[in-house]
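Note sheet for the following structure.
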Amino acid sequence: MRYKRILTVQDISCVGQCSSTVALPILSVCGFETGVLPCSLLSNHTTGFDDYSFKDLADEMKEIIDKWQSQQIKFSAVYSGYIGNINQLKMLEKVMDKCLEEGAVRIIDPAMADNGQLYPGFDDQFIEEVKALISKADYILPNVTEACLLTGTEYTEVYNQQFIEMLLRKLAEIGCKNIVLTGVSLDGHSIGVAIYTNGNCSFHFHEKVSRSSPGTGDVFASVFTGALLKGKNIFDSAEIASTFVVECLKETLKYPDHTYGPVFEPLLGKLIEAMNN
Ligand code: PXL
């Protein structure tokens, strides 16, 4: 049996419980060696703080990939999250081309927007490049805002099941094989995911917690990736990830001053149990 080595490609936000500081602990407790290809180094994430520093690591990404290539270092899966600019996207494409084992799983969270708004620093050209990238993924995990941007659909806060199914089919037309659309709410009380696989759409809802924060999508994507690589199917992986996110948001509610990220650390023990069920 081979010990799986996963690669996560996203920024390091030094404070803020998102991206690499979420993916690393979660994928580790899922039982995988996790390599990182950091794209940018930020003092903290770009939403929910007054200011941030940003160091672009695209050149360093190239150096790292070249060294991995010359030493034949390869990964069984790649999971990418927040990518800071087009040069970094090109490096993500390069690492996917050069450093993945045959049959490696490609999971892409096009983390670039939320609540109807692009995160600071992104523009239409960036969206076009992300569109090209997601067509090469096995799984994509957009939220509703990102799905609208990627499909050229006007964002709306209120929508129905047909609207969500239309988004999924438009994403599938771009070339996405398996889609987990997050943050779907058809009423005020429940929230969940819409799943597109094998040409069919399905939904999984759970209770809506009156709290959200940047980084919640990264917790979902990391748990989903861990579960999928443990051999669970798309539906079970999405359910485990949704359940964990709900528990994290409830935990976060206990700390009213903790506004910038999801409190997930005290729940990692529970995650190990869920993974092994
Ligand atoms: O996926 C959330 C995230 C990750 N990384 C950075 C961010 C955000 C959300 O604001 O700013 C740098």
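Whatever order the structure lists them in is the order used to number ligands and atoms, beginning at 1. Since we're looking at a predicted model, the values are computed, not measured.
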Enclosure of K232 NZ (heavy-atom neighbours >12, cutoff 6.0 Å):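 Buried by this count: over 12 neighbours within 6.0 Å.
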Heavy-atom neighbours of Q117 CD exceed 12 at 6.0 Å: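 Result for CD/Q117: open.
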Any pair counted as ring pair (Phe, Tyr, Trp, His ring centres under 6.0 Å), so long as it reaches residues 173-203, sequence neighbours left out: F203-F205
Under 3.5 Å, which donor-acceptor pairs link side chains of residues 119-129 to any protein atom two or more places apart or in another chain?
unit_1, atom_1, unit_2, atom_2, d
D123, OD1, Q125, N, 3.3
D123, OD1, F126, N, 3.0
E129, OE1, K90, NZ, 3.0

Tabulate below the donor-acceptor pairs under 3.5 Å that side-chain atoms of residues 266-277 make, not counting sequence neighbours, or state none.
unit_1, atom_1, unit_2, atom_2, d
N276, OD1, K230, NZ, 3.4
N276, ND2, I272, O, 3.1

Give me the ring orientation class for F224 and F220: parallel if the planes are under 30° apart, tilted from 30 to 60°, perpendicular past 60°. parallel
Contacts table for ligand 1: protein N or O within a distance under 3.5 Å of ligand N or O, distances only.
unit_1, atom_1, unit_2, atom_2, d
ligand 1, 1 (O), D218, OD1, 3.0
ligand 1, 1 (O), D218, OD2, 3.0
ligand 1, 5 (N), D11, OD1, 2.9
ligand 1, 5 (N), S19, OG, 3.1
ligand 1, 10 (O), T47, OG1, 2.7
ligand 1, 11 (O), T46, N, 2.8
ligand 1, 11 (O), T46, OG1, 2.6

